[in-house]
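Report on the structure given below.
Every chain is numbered from 1, with letters handed out A, B, ... down the list of sequences. Note that the coordinates shown come from a computational prediction; the quantities given were computed from them, not determined experimentally.
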Number of protein chains: 2
Amino acid sequence: MADLNKLLTPLFLNEVEIRKIIELLFFSYRDFTEGPDKVLEKINFGRAHHRVIYFVGKQKNLTIKELLSILKITKQSLSRVLNQLVNEKYIILSVGEDKRTKKLILSKKGQELERRLSEIQIKKIRNVLLKFNEMDINGFKKILYEMVDVKNKEKFDEINR
Amino acid sequence: MADLNKLLTPLFLNEVEIRKIIELLFFSYRDFTEGPDKVLEKINFGRAHHRVIYFVGKQKNLTIKELLSILKITKQSLSRVLNQLVNEKYIILSVGEDKRTKKLILSKKGQELERRLSEIQIKKIRNVLLKFNEMDINGFKKILYEMVDVKNKEKFDEINR
DNA sequence: ATAATTAAGTCAATATGGCTGACCTAAATA
DNA sequence: TATTTAGGTCAGCCATATTGACTTAATTAT
């Protein structure tokens, strides 16, 4: 007897089709990070520096704790990267209202680097989206959002409030 | 004078919206790799091992050269990972028709690991896609494909021929 | 007022996954 | 026969992450 479940699986839920998505995620993410990576390399920084600069630029008066909760890395990992960014004056630290905390902001230099790096990715995405209609784009956004785990959806919502 | 270009930018091409996509790509990719990573850790493997197993499983009689052209890493980087997989009998090497080349195939053990790892990602994607209609899914796939650089699109097409 | 918790920082060791450069062998091709 | 190709290996380096242990200063709870 034929496997009715299999016969009834819609085309887009076929394993073959889903594996294509797995591969596209791998290829697209790699290509997506390639541009900034090349720029960062020239100044002896890595992708981790971009992430820090990105979220510090996004969120004004971000604290270390909040940054750690976005990046989900240990403070020891963050510290190396952050110390470099502070030493080289891309990021400025100041004491928060709660004096145990620190506020992080981008310096002019930091803002310029942030712009330079993110612009590559923004342009890439904009050029892609221009080829599609609003329906396709909505599908893309909604599904991408749904690919994020519940806890991180909350984090995403929080930083985009 | 107001910047007409900015006023005319459709909502979905706004920088704010595009930055959301940047963040969703970061969060979703991280969550996407988390499941297999945990399984791999238990057997002292990493994400690189998964990639190798994935593509060896996909393409029968893959050669080292072809694998390198998919992964885009150096042969020295591949060698460490691949040697472990061969030593621990997940992958079997044999001589190709061109006797300089080697064919890579998954052993039973390798197939089982491949299944276990990819199943996590397949289920995750399937559960997500189930919530959407075909139009949304098409938008997602098409845009993801368009996010891949031209050269890698060719590679993707090649392995899905 | 004191104790407990929190935010941040630091030191040390370890793993993974990349890289470059140099060099080798064997087989296929020009 | 000479050159190119596929694959392998040694050595060293770098970036990014981890765990564990411990410190300081400030806030909060008892």
Side-chain angles (χ1 to χ4, degrees), chain A residues 26 29-31 33-34 36-56 61-88 91-104 117, chain B residues 26 29-31 33-34 36-56 61-88 91-104 117:
Chain A
F26 168 58
Y29 195 76
R30 193 177 56 184
D31 291 342
T33 51
E34 195 198 338
D37 283 356
K38 278 184 190 162
V39 174
L40 288 156
E41 210 187 343
K42 288 181 211 154
I43 51 176
N44 290 306
F45 283 167
R47 203 177 292 176
H49 298 84
H50 185 193
R51 284 177 189 151
V52 170
I53 282 187
Y54 181 92
F55 288 110
V56 171
N61 293 326
L62 195 66
T63 64
I64 304 277
K65 195 197 174 193
E66 283 161 358
L67 182 53
L68 285 172
S69 78
I70 294 169
L71 298 174
K72 293 241 179 96
I73 55 174
T74 59
K75 63 179 170 178
Q76 295 92 324
S77 295
L78 175 59
S79 115
R80 181 184 32 86
V81 169
L82 184 57
N83 285 336
Q84 284 175 293
L85 289 167
V86 171
N87 288 337
E88 300 186 28
I91 287 178
I92 296 163
L93 299 180
S94 60
V95 178
E97 276 183 48
D98 178 337
K99 284 176 185 170
R100 288 171 305 179
T101 67
K102 283 186 181 166
K103 292 177 183 174
L104 296 113
L117 295 172
Chain B
F26 169 58
Y29 194 77
R30 193 178 58 182
D31 292 341
T33 51
E34 194 198 339
D37 283 355
K38 278 185 188 160
V39 174
L40 289 156
E41 209 187 344
K42 289 182 211 152
I43 51 175
N44 289 305
F45 283 168
R47 202 177 292 175
H49 298 83
H50 186 194
R51 283 177 189 151
V52 170
I53 283 188
Y54 180 91
F55 288 110
V56 171
N61 293 328
L62 193 67
T63 64
I64 303 277
K65 195 196 173 192
E66 283 161 359
L67 182 53
L68 285 173
S69 78
I70 294 170
L71 298 175
K72 293 239 180 99
I73 55 174
T74 59
K75 64 178 171 180
Q76 294 93 324
S77 295
L78 175 59
S79 114
R80 181 176 28 82
V81 169
L82 184 57
N83 285 336
Q84 285 175 290
L85 289 167
V86 171
N87 288 336
E88 301 186 28
I91 286 178
I92 297 163
L93 298 181
S94 61
V95 177
E97 276 184 46
D98 178 335
K99 285 176 184 169
R100 288 172 305 178
T101 68
K102 284 185 179 168
K103 293 178 184 175
L104 296 110
L117 295 172

Between P of D:dG7 and CG of B:Leu104, the distance in whole Å: 8 Å
Under the salt bridge (Lys or Arg N to Asp or Glu O under 4.0 Å) test, which residues partner B:Arg30, sequence neighbours left out? none
Between C:dT25 (P) and B:Lys102 (NZ): distance, integer Å: 15 Å
Think B:Asn83 has a side-chain N or O under 4.0 angstrom from the OP1 or OP2 of D:dT9? yes
Just wondering, are more than 12 heavy atoms of other shown residues or ligands nearer than 6.0 Å to NZ in B:Lys99? no
Name each donor-acceptor pair under 3.5 Å that joins a side chain in residues 61-68 of chain B to protein atoms two or more places apart or in another chain, with its distance.
from    : atom 1 : to      : atom 2 : distance (Å)
B:Thr63 : OG1    : B:Glu66 : N      : 3.2
B:Glu66 : OE1    : B:Thr63 : N      : 3.2

Value in whole Å for how far the P atom of D:dA17 lies from CD of A:Gln84: 12 Å
Across all chains, not counting sequence neighbours, the salt bridge (Lys or Arg N to Asp or Glu O under 4.0 Å) partners of B:Arg80 are none
Pairing residues for B:Asn83 by the side-chain hydrogen bond (donor to acceptor under 3.5 Å, both in side chains) criterion, not counting sequence neighbours: none
B:Ser77: which residues meet the side-chain hydrogen bond (donor to acceptor under 3.5 Å, both in side chains) condition with it, sequence neighbours left out? B:Thr74
For nucleotides 27-30 of chain C, print each protein N/O atom paired with a nucleotide N/O atom at under 3.5 Å, atom names and distance only.
from   : atom 1 : to       : atom 2 : distance (Å)
C:dA28 : OP1    : B:Lys99  : N      : 3.1
C:dA28 : O4'    : B:Arg100 : NE     : 3.4

Rounded to whole angstroms, how far apart are CG on B:Asn61 and C1' on D:dA6? 16 Å
The helix from C:dA1-D:dT30 to C:dA30-D:dT1: angle between end helix axes, five pairs per end, rounded to 10 degrees: 30°
Mind checking ring-ring contact (aromatic ring centres under 6.0 Å, His included) for A:Phe45 and listing every partner two or more places apart, or none if nothing turns up? A:His49, A:Tyr90
Of residues 62-79 of chain A, the positions that come close to DNA chain C - non-hydrogen atoms, cut-off under 4.0 Å: A:Thr63, A:Ile64, A:Lys65, A:Lys75, A:Gln76
Taken to the nearest whole Å, NZ/A:Lys103 to C1'/C:dA7 is 15 Å
Counting any heavy atom closer than 4.0 Å, what does B:Arg80 reach on the DNA or RNA strands: base, sugar-phosphate only, or nothing? base
Quick one: is C:dT16 close enough that its OP1 or OP2 comes under 4.0 Å of any side-chain N or O from B:His49? no
Atom CG of A:Asp37 and atom P of C:dG17: how far apart are they, to the nearest Å? 17 Å
Parallel, tilted or perpendicular, as decided by the 30° and 60° cut-offs, for the rings of A:Tyr29 and B:Tyr29: parallel
For B:Leu40 and D:dA17, what is the distance between atoms CG and C1' respectively, to the nearest whole Å? 16 Å
Just how far, in rounded Å, is C1' of C:dG17 from NE2 of B:His50? 16 Å
Using a cut-off of strictly less than 4.0 Å, decide whether A:Arg51 has a side-chain nitrogen or oxygen near OP1 or OP2 of D:dA17. yes
Inter- and intrachain pairs under salt bridge (Lys or Arg N to Asp or Glu O under 4.0 Å), touching residues 37-46 of chain A, at least two apart: A:Glu34-A:Lys38, A:Asp37-A:Arg47
Rounded at 0.5 Å granularity, tell me how far CG in A:Asn87 sits from CD in A:Gln84. 8.0 Å
With A:Lys75, which residues qualify under side-chain hydrogen bond (donor to acceptor under 3.5 Å, both in side chains), at least two apart? none
For B:Tyr54, all residues meeting side-chain hydrogen bond (donor to acceptor under 3.5 Å, both in side chains), sequence neighbours excluded: A:Glu23
